[in-house]
Amino acid sequence: MNLINKGTAYWQELDRQHHWHPFTDTQALNAKGARVITRSKGVYLWDSDGNRILDGMAGLWCVALGYGRRELVDAATSQMLELPYYNNFFQTTTVPSTELAAAIATVTPDGLDRVFFANSGSEAVDTAIRMVRTFWAVEGQPAKTWLIARKNSYHGSTIGGTSVGGQGAQRAQGGPNLPDIAHVDQPFWYGEGGDMSLEDFGLERARQIEDKILELGPDKVAAVFGEPIQGAGGVIVPPASYWPEVMRICRKYDVLLVADEVICGFGRTGNWFGAQTYGMTPDLMTMAKGLSSGYLPISAVAVGNRVADGLIAKAGEFCHGFTYSGHPAAAAVALRNIELLKSEGIVERVRSDIGPYFQEALASLADHPLVGKIDGIGLIAGISLVDSKSPKKFFAEAGKIGLICRDHCFNNGLIMRAVGARMVLAPPLVITKDEVDELVSLARKALDLTARDLGRT
Ligand SMILES: Cc1ncc(COP(=O)(O)O)c(C=O)c1O
């Protein structure tokens with residue numbers, strides 16, 4: 001192979017030889033070669049062969065303001081010229097990290113006013129785990145160590161995130177996982193609700209948490225961890241009855257609630273946080289992704305007064321943090337990102353304009369023979385592909401079907417992710433109505449091609 005002329009084949013070969021990709025079967029990838037993404041603008045990406053692709057996933061659920069926002073680039077540039085790095089360890093702070101902490105507190109629910117920085121969603125989750133367990137220890141209840149989460153939830157890929165997460169394949173690698181973590185069933189009505197009404201099912205799934213607390217003993221349970229909507233698990237939108245009941249249970253047994261807002265935060269569901277959409281009043285919230293629109297890595301934990309005050313008053317030094325906690329350039333970008341989300345009214349637009357338009361446009365796919373149900377809110381959605389709609393029958397080889405559809409999307413200019421046989425979408429929050437129409441027509445084309453491959457047409 002001629003490796004002198006740089007181009008797709010050159011990069012694919014370098015990649016094959018040296019680059020180990022996250023969440024990837026490397027053998028399978030190397031057999032075909034990675035798609036090389038080279039540039040971007042708005043909701044579009046281009047690959048190294050010049051193909052334009054509508055990014056229906058905002059990268060990995062993160063590019064809220066879309067690609068190519070000069071304001072975010074300028075924020076990073078000026079900050080890096082002024083002060084490219086300093087840490088927040090040695091009784092020092094930097095202007096962007098301090099101002100960002102305050103800016104986050106302007107959009108979090110009341111009472112979550114203190115912010116601890118990290119660099120990824122996974123690190124934020126690890127931070128929250130350490131905070132809730134330390135909180136109970138300093139409150140004189142050191143036996144309160146158990147965490148309850150849901151099966152099929154995703155909370156990141158550090159050992160803490162993997163342990164609290166509920167994805168079997170991930171948890172099976174690299175264990176033993178952290179002790180004292182229990183998982184209950186997820187609130188996925190279409191997949192697991194049987195004949196129950198949506199509302200009853202939501203209550204039943206919430207009460208599994210109560211049963212688990214009682215089984216372990218309320219004096220042993222530190223916290224419940226949950227994504228308001230489970231994103232990487234396939235966009236599992238809970239019934240309206242679910243979170244209020246979980247709240248009631250947490251309060252009754254004095255168990256903390258950690259809302260993992262890494263995907264739902266910063267407008268995706270039409271409010272600043274998914275907790276506001278679903279009636280949760282969490283004690284802590286983890287956030288990342290949309291915090292900086294993914295332009296630079298940064299994450300945070302917003303901590304409610306009870307936990308923050310307890311830890312600050314009684315724990316002494318909190319022995320936790322990262323070299324890049326509150327990195328000034330990333331903080332400057334996140335600060336500008338929040339300003340733009342506010343000044344452009346983007347959260348409101350997702351709630352009352354583009355979000356409803358997107359959901360309605362997607363609903364037009366419900367007549368497709370492969371589409372069992374579409375769930376979503378704001379600019380996040382999951383589409384269940386089924387073998388038969390009525391009677392409802394799921395595909396035996398769900399993963400295979402999803403990948404067929406995903407590949408047809410990619411090959412026809414759309415990124416739609418597959419989670420088993422559930423196709424998921426979370427486009428940039430700045431997507432226009434014309435772009436939504438284009439997305440939906442590309443999705444229909446991919447569904448048609450999938451049906452054809454299955455011999456359904
Ligand atoms: C809900 C949730 N928590 C945590 C994470 C981990 O974030 P990161 O990949 O930045 O570590 C993710 C990533 O998708 C997520 O969706």
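Every number for a ligand or one of its atoms is a count from 1 in the order of the listing.
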| message | If the condition is side-chain hydrogen bond (donor to acceptor under 3.5 Å, both in side chains), which residues does Tyr253 pass it with, not counting sequence neighbours? | response | Glu210

| Has the side chain of Trp243 got a donor or acceptor atom that lies under 3.5 Å from a matching backbone atom of Met280? | no

| request: Please find out if less than 6.0 Å separates the ring center of Tyr190 from that of Phe201. | output: no

| note | Using heavy atoms and a strict 4.0 Å limit, residues surrounding ligand 1 turn out to be Ser120, Gly121, Ser122, Tyr154, His155, Gly156, Glu227, Asp260, Val262, Ile263, Lys289

| field | side-chain hydrogen bond (donor to acceptor under 3.5 Å, both in side chains) involving Glu348 - partner list, sequence neighbours excluded | value | Arg351, Ser352

| Is any NZ, NE, NH1 or NH2 atom of the basic residue among Arg306 and Asp254 found under 4.0 Å from an Asp or Glu carboxylate oxygen of the other? | yes

Name the atoms and distances for all side-chain donor-acceptor pairs under 3.5 Å in residues 330-338, with sequence neighbours left out.
{"from": "Arg336", "atom 1": "NH1", "to": "Glu339", "atom 2": "OE1", "distance (Å)": "2.9"}
{"from": "Asn337", "atom 1": "OD1", "to": "Ser293", "atom 2": "OG", "distance (Å)": "2.7"}
{"from": "Asn337", "atom 1": "ND2", "to": "Gly290", "atom 2": "O", "distance (Å)": "2.7"}
{"from": "Asn337", "atom 1": "ND2", "to": "Leu291", "atom 2": "O", "distance (Å)": "2.9"}

